[in-house]
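Below is one structure, written out as structure tokens; comments come after it.
Below, all heavy atoms of this structure are taken into account, side chains as well, without hydrogens, waters or symmetry copies.
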Amino acid sequence: QVQLVESGGGLLQAGGSLRLSCAASGRTFSSYAMGWFRQAPGKEREFVAAISWSGGSTYYAGSVKGRFTLSRDNAKNTVSLQMNSLKPEDTAVYYCAARKSYSRSLFYRVDEYDYWGQGTQVTVSS
């Protein structure tokens with residue numbers, strides 16, 4: 001089992017950058033594939049980015065590709081989402097998620113993840 005805690009959210013203007021972090025508990029973090037999702041008011045939770053257990057594979061939603069970068073440090077049990085060129089439409093609560101996986105597979109659906117953090121708010125003003 002793993003517990004996830006997100007941090008790094010905030011309020012900023014369009015065009016700015018923000019780095020979200022997800023800290024995981026447990027000694028088997030490296031056996032988990034990780035993902036970030038976001039949920040805006042009145043909308044369903046949507047996929048943002050995913051990374052394999054080793055960090056060797058990543059995948060991004062089309063809306064953030066080229067602006068967001070996902071990375072992980074298995075020695076520190078952390079996953080980081082670097083967000084650049086932020087837009088007002090990026091405003092949402094951002095969630096970190098984890099699922100057990102020893103393959104290079106990436107996971108894009110909410111129901112594919114077993115563990116979730118509490119979320120961190122990102123607000124981008126125009």
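Side-chain N/O atoms of Arg99 and Tyr113 include no donor and acceptor closer than 3.5 Å.
Considering CZ of Phe47 and OG of Ser63, their distance stands at 9.5 Å, rounded to 0.5 Å. The structure places OG of Ser54 at 7.5 Å from CZ of Arg104, a figure rounded to the nearest 0.5 Å. In this structure, OH on Tyr102 lies 7.5 Å from OG on Ser30, to the nearest 0.5 angstrom.
The number of heavy-atom neighbours closer than 6.0 Å to CD of Gln121, taken from other residues, nucleotides and ligands shown, is above 12. For Trp53, the CH2 atom sits in a loose shell: 12 or fewer heavy atoms of surrounding residues, nucleotides or ligands are nearer than 6.0 Å.
Note: Tyr94 and Phe68 have tilted aromatic rings, judged against thresholds of 30 and 60 degrees for the angle between ring planes. In this structure, Tyr95 and Trp116 have perpendicular ring planes: the angle between them is above 60°, well past the 30° mark.
Residues Val110 and Leu4 are members of separate hydrophobic clusters, defined by side-chain heavy-atom contacts under 4.5 angstrom among Ile, Leu, Val, Met, Phe, Trp and Tyr.
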Considering only distance and modelled atom types, tabulate donor-acceptor pairs under 3.5 Å from the side chains of residues 14-24, sequence neighbours left out.
residue	atom	partner	partner atom	Å
Ser17	OG	Asn84	OD1	2.9
Arg19	NH1	Gln82	OE1	3.1

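Without hydrogens or angle criteria, Thr58 side chain to Leu70 main chain gives no donor-acceptor distance under 3.5 Å.
Here the side chains of Val79 and Trp36 are in contact, with some heavy-atom distance below 4.5 Å.
Contacts of Arg67 classified as side chain to side chain donor-acceptor pair (under 3.5 Å), with partners at least two apart in sequence or in another chain: Asp90. Partners of Ser57 according to the side chain to side chain donor-acceptor pair (under 3.5 Å) rule, which considers only residues two or more places apart in sequence or in another chain, do not exist here.
Taking the centre and axis of the six-membered ring of Phe29, the NZ or CZ atom of Arg72 falls inside the cone set by 45° and 6.0 Å.
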